[in-house]
Amino acid sequence: MICPPDGDLSPIETDVAIVGSGPVGLSLALALDRAGVRTAVIESGGEGAEAWTRRLALAETIEPANHAVVEASTHRRLGGASWIWGGRCVDFDPVDFEERRGDGPPGWPISHAEAIAEAGPAADFLGIGPPAFDEDLGWLPQDGPLRARLERWCADSRLVRRHLADIKASPRVRFHTGLTCTSVTLDPEARTTVGLCVKSRSGAVRMVTARHYVIAAGGIESARLLLASEELNPALP
């Protein structure tokens, strides 16, 4: 169910609260719906693109030669960045999950086998057909078999359009549009999340409480939200 901004200031209480309705937040919300779990999705934008949400993404680009401006590479809207994504899908390689050495980025907290186990549901959500990324092109006279690594493309990368019927019909998942999560509220010892502080377009504040919280606002916006929350929680190490 899509809940448009309506001036309601009452707290939102649910089992799972998800910040962001892009591909990750949307796929998780629909999976929780099938599992019968009450879910609230907090989306900063509305059903369409709007100038005011674009302004919320403004940020300084330190290396403009290497990165697009943030307000062009993020999309605060129901469906998130899927509205500006081309729909290209590629498979993971085992090397992607190997432990990193030195001072580089840490490895994944899951294995390659665990990731591939979810390939079927992910492919179904994206609408790309079976998650088969290898094709046997036959045999060459002297060199043996020739295989190709394939890319798969979404027929419609605007995932809201693909799943709109389920979004509107769900009795358990509420997509709260026009609400921007501004901070994660922790207990006094900064050990447990006790809620999310969200603001409407008018600046009115509401609280969201849940048993579980998921930050799915994209790499940049998720980091920005967590850094803003850190400033409000001095007990954090």
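Along the sequence shown, the residues carry numbers beginning at 1. Everything quoted here is computed from the prediction, not taken from an experiment. Computed from heavy atoms alone, side chains included, the values below leave out hydrogens, waters and symmetry copies.
The backbone N or O of Gly79 sits less than 3.5 Å from a side-chain atom of Ser82, completing a donor-acceptor pair. Within the 3.5 Å criterion, the main-chain N or O of Ser10 finds a donor-acceptor partner in the side chain of Arg206. Side-chain atoms of Glu114 come within 3.5 Å of backbone atoms of Ser111 as a donor-acceptor pair (strictly under, hydrogens ignored). Between the side chain of Asp166 and the backbone N or O of His163, no donor-acceptor pair lies under 3.5 Å. Ser157 places no side-chain N or O within donor-acceptor distance of the main-chain N or O of Cys154, the cut-off being under 3.5 Å. No donor-acceptor distance shorter than 3.5 angstrom exists from the side chain of Ser21 to the backbone of Gly25, with no hydrogens or angles considered. Thr177 contributes no side-chain N or O that, together with a main-chain N or O of Gly46, makes up a donor-acceptor pair within less than 3.5 Å. Judged purely by atom type and a 3.5 angstrom limit, Thr14 uses its side chain to pair as donor or acceptor with the backbone of Arg38.
Salt-bridge check for Arg162 with Asp156: failed, with every basic side-chain N at 4.0 Å or more from each acidic carboxylate O.
Every side chain to side chain contact (heavy atoms under 4.5 Å, CB included) that Thr192 has, sequence neighbours left out, goes to Asp187. The salt bridge (Lys or Arg N to Asp or Glu O under 4.0 Å) search around Glu118 returns none, not counting sequence neighbours. With sequence neighbours left out, Glu13 forms a side chain to side chain contact (heavy atoms under 4.5 Å, CB included) with Thr209. Partners of His112 according to the ring pair (Phe, Tyr, Trp, His ring centres under 6.0 Å) rule, which considers only residues two or more places apart in sequence or in another chain, are Phe97.
Leu225 has its side chain within reach of Cys181: a pair of non-hydrogen atoms, C-beta onward, lies under 4.5 Å apart. The shortest side-chain heavy-atom distance between Val198 and Thr182 does not fall under the 4.5 Å cut-off. The shortest side-chain heavy-atom distance between Leu196 and Val184 falls under the 4.5 Å cut-off. Within the 4.5 Å cutoff, no side-chain heavy atoms of Met1 are placed close to those of Ser170. Residues Asp91 and Pro131 fail the side-chain proximity criterion, which asks for heavy atoms closer than 4.5 Å. Between Thr39 and Asp15, every side-chain heavy-atom pair lies at or beyond the 4.5 Å cut-off.
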With side chain to side chain contact (heavy atoms under 4.5 Å, CB included) as the criterion, how do Ile12 and Leu179 come out once you've worked through the C-alpha distance, each side chain's angles and the decisive distance to 0.1 Å? CA-CA 11 Å; Ile12 298 172; Leu179 289 180; 4.0 Å; yes
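Between Arg88 atom CZ and Arg152 atom CZ the span is 13.5 Å, to the nearest 0.5 Å. Atom OG of Ser44 is separated from atom NE2 of His75 by 12.0 Å, given to the nearest 0.5 angstrom. A distance of 13.0 Å separates CG of Leu227 from OG of Ser183, quoted to the nearest 0.5 Å.
Pro23 approaches Ser27 most closely through the heavy-atom pair O-OG, 2.9 Å.
Applying the 6.0 Å contact sphere to CD of Glu47 captures no more than 12 heavy atoms from other residues, nucleotides or ligands.
Applying the salt bridge (Lys or Arg N to Asp or Glu O under 4.0 Å) rule to pairs touching residues 212-221 yields Arg76-Glu221, Glu221-Arg224, sequence neighbours excluded.
Cluster note: Val37 groups with Ile2, Val16, Ile18, Leu26, Leu28, Leu30, Leu32, Val41, Leu78, Trp83, Trp85, Phe125, Leu126, Ile128, Phe133, Leu159, Val160, Leu164, Ile167, Val173, Phe175, Val214 through ILVMFWY side-chain heavy atoms spaced under 4.5 Å, whether in direct contact or through intervening members.
Follow the hydrophobic side-chain contacts under 4.5 Å out from Ile110 and you reach Phe92 in the same cluster. Placement of Leu186 and Ile42 within a single hydrophobic cluster is found when ILVMFWY residues are connected by side-chain heavy-atom separations under 4.5 Å, directly or transitively.
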